[in-house]
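Presented below is the structure to which this report refers.
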Amino acid sequence: MKYGRIYNFSAGPAMMPEEVLEEIAAEMMNYRGSGMCVMEMSHRSKVFQQIRDEAEADLRTLMNIPDNYKVLFVQGGGTVQFAMVPMDLMKNGVACYVETGNWSKKAIQEARKYGEVKIVASSADQNFTYIPDCSDLDIPADADYVYICENETINGTTYFKLPDTKGKILVSDQSSMFLSRPCDVSKYGLIWAGVQKNVGPAGMTVVIIREDLLREDLPAFVPTYLSYKTHADNDSLYNTPNCWSIYCCGKVFRYLLKNGGLAAMDQRNREKAAILYDFLDSSKFFTASVRREDRSLMNVPFVTPSREQDADVVAASKAAGFDNLKGHKSVGGLRASIYNAMPREGVAALVKFLAKYEADHA
Ligand SMILES: *Cc1c(COP(=O)(O)O)cnc(C)c1O
């Protein structure tokens, strides 16, 4: 790796493509003859407007987003979406949630402040190590939407088949899998993703929302900023947006387009994940935590036979030049996050390290 950079397995904020960081560095002091850095620009300037418009246009191309969907760049991270979704989409005050781990639990907790939440499927019985069957959910007639966390960052599960929502709106938290594989946007009412996992710098959430879900008649208590319509009506420039994140994410969108788009990412991500999972499955010391058919290609949790050994591997990995392999405090063990920007060589190097650790210690 150049510049003394290391393989960083952080779940987020996480690695960005080196080529993108180099481009940003080259434009830092004077963005394309504007005489200023993007961080210093008015969000109402022509030059920034173009940065924003290009970012949206490139994302639309990348995901093939239909014309009847709006693309919004909002702040507040995933945590604000946990509240914004029920505030904006609950008309009858009833919503269905699939409970698959920490991030769907957080979403459920927050939604309960605004209405009735029905948990229509859960994998709590096996510590969230699988995705429950969602082919025949018991969805009440008055449900406003069905909510999923499509990739549980902490637990390491992902949906390879979307739930049958029986005609209800599907809402998905794609934070830790956004742009990792092709996505048929038309199957969703709303997709949101905090960009600090698989795209760019923290502080921005991309929301893709079907136009008919933008409401004029929101309850009076809903803050102006937390109405999707506010952002849709103002090209995400109602107030000062996170200009820096929009700029950096725009660079990543362009980079992905140049490198074969989402189909190419999917191929690469499958290959990368297979290197790690194949090793874990063949190991007598390390064990992958998640059921085979529901394994995330982005976040790979695994364990050794004991907590002490988990901690020892984390320490040894750090000494060997890898970082952020410690599992989330709520589940323990280890976790390797291998997003789009993690090179294949990084995963191969990690496997080599783990194999040597096993040979030396087991
Ligand atoms: C990180 C994460 C969140 C929370 O994002 P914040 O921006 O920290 O609020 C929500 N959902 C998923 C799937 C995440 O990975």
Side-chain angles (χ1 to χ4, degrees), residues 8-16 72-87 95 97-113 117 122-123 128-131 145-160 162-163 170-181 183 188 190-208 225-226 231 236 241-242 244-246 248-249 252 269 273 289-290 294-301 324 326-331 335-342:
N8 170 11
F9 292 89
S10 169
M15 286 180 82
M16 287 175 60
L72 316 176
F73 301 133
V74 302
Q75 303 196 56
T79 301
V80 157
Q81 291 312 304
F82 294 152
M84 206 163 164
V85 164
M87 274 188 189
Y97 279 69
V98 181
E99 185 189 46
T100 48
N102 291 45
W103 292 119
S104 48
K105 274 165 56 177
K106 282 255 167 83
I108 289 164
Q109 243 171 32
E110 193 70 14
R112 284 197 167 125
K113 295 186 176 180
V117 169
S122 172
S123 52
F128 303 118
T129 53
Y130 71 104
I131 296 288
Y145 59 87
V146 178
Y147 181 104
I148 59 169
C149 175
E150 207 166 330
N151 187 87
E152 285 277 7
T153 321
I154 291 170
N155 309 84
T157 54
T158 202
Y159 288 77
F160 287 102
L162 291 175
L170 179 63
V171 176
S172 177
D173 171 2
Q174 287 197 351
S175 297
S176 48
M177 59 168 291
F178 193 58
L179 307 181
S180 68
R181 63 190 192 202
C183 168
Y188 302 79
L190 190 157
I191 295 168
W192 67 263
V195 298
Q196 75 271 27
K197 306 293 162 65
N198 199 26
V199 191
M204 182 171 99
T205 311
V206 175
V207 175
I208 303 168
Y225 192 86
L226 300 190
H231 301 279
S236 304
N242 187 333
W244 180 250
S245 189
I246 292 173
C248 295
C249 290
V252 174
N269 289 330
S289 312
V290 172
D294 304 319
R295 289 175 176 175
S296 168
L297 304 184
M298 301 280 98
N299 311 100
V300 182
N324 290 309
K326 191 167 183 239
H328 190 268
K329 58 185 188 297
S330 65
V331 294
R335 171 180 52 170
S337 293
I338 49 174
Y339 297 118
N340 283 349
M342 171 61 70

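When a ligand or atom number is given, it counts from 1 through the structure's own listing order.
Contacts with ligand 1 closer than 4.0 Å are made by heavy atoms of both the backbone and the side chain of Thr79. Contact annotation: for Glu152 versus ligand 1, there are no heavy atoms closer than 4.0 Å. With a heavy-atom cut-off of 4.0 Å, Ala202 does not touch ligand 1 at all. Contacts with ligand 1 closer than 4.0 Å are made by no heavy atom of Val80, backbone or side chain.
The backbone N or O of Cys149 lies less than 3.5 Å from no partner atom in the side chain of Ser104, so there is not a single donor-acceptor pair. A donor-acceptor pair under 3.5 Å is absent between the side-chain atoms of Thr157 and the main chain of Ser296, judged by distance alone. For the pair Asn242 (side chain) and Gly203 (backbone), a donor-acceptor distance under 3.5 Å is present.
Relative to the ring axis of Tyr97, Arg112 does not place its NZ or CZ within 45° and under 6.0 Å from the centre.
Using a 4.5 Å heavy-atom cutoff, the side chains of Val74 and Val80 are not in contact.
Between the side chains of Tyr339 and Asn269, no donor-acceptor pair of N or O atoms lies under 3.5 Å. Side-chain N/O atoms of Ser176 and Asn151 include a donor and acceptor closer than 3.5 Å. Judged purely by distance below 3.5 Å, without hydrogens or angles, the side chains of Ser180 and Asn198 never pair a donor atom with an acceptor atom. When only modelled atom types and interatomic distance are considered, Thr100 and Glu152 share a side-chain donor-acceptor pair under 3.5 Å.
Within the 4.0 Å heavy-atom shell around ligand 1 one finds Ser175.
Protein heavy atom nearest atom 8 (O) of ligand 1, with residue, atom name and distance: Gln196 NE2, 3.6 Å. In this structure, the protein non-hydrogen atom closest to atom 11 (N) of ligand 1 is Asp173 OD2, 2.6 Å. Annotation: atom 1 (C) of ligand 1 to nearest protein heavy atom, Lys197 NZ, 1.4 Å. Atom 6 (P) of ligand 1 has Gly78 N, 3.4 Å as its closest protein atom, hydrogens excluded (heavy atom only).
Near Gly77, meaning under 4.0 Å from one of its heavy atoms, ligand 1 places the atoms 7 (O), 9 (O). Close approach of ligand 1 to Cys149 is summarised as follows: ligand atoms under 4.0 Å from at least one heavy atom of the residue are 13 (C). Close approach to Asn151 involves these atoms of ligand 1, each under 4.0 Å from a residue heavy atom: 13 (C). Numbered from 1 in the order shown, with element, the atoms of ligand 1 that lie under 4.0 Å from a heavy atom of Phe82 read 10 (C). Short contacts between ligand 1 and Thr153, defined as distances under 4.0 Å to a heavy atom of the residue, involve ligand atoms 12 (C), 13 (C), 14 (C), 15 (O).
The shortest N or O to N or O distance between Gly76 and ligand 1 is not below 3.5 Å. Remark: ligand 1 and Trp192 share no N or O pair separated by less than 3.5 Å (distance only, no angle test).
Between His231 and Tyr225, the distance separating the two ring centers is shorter than 6.0 angstrom.
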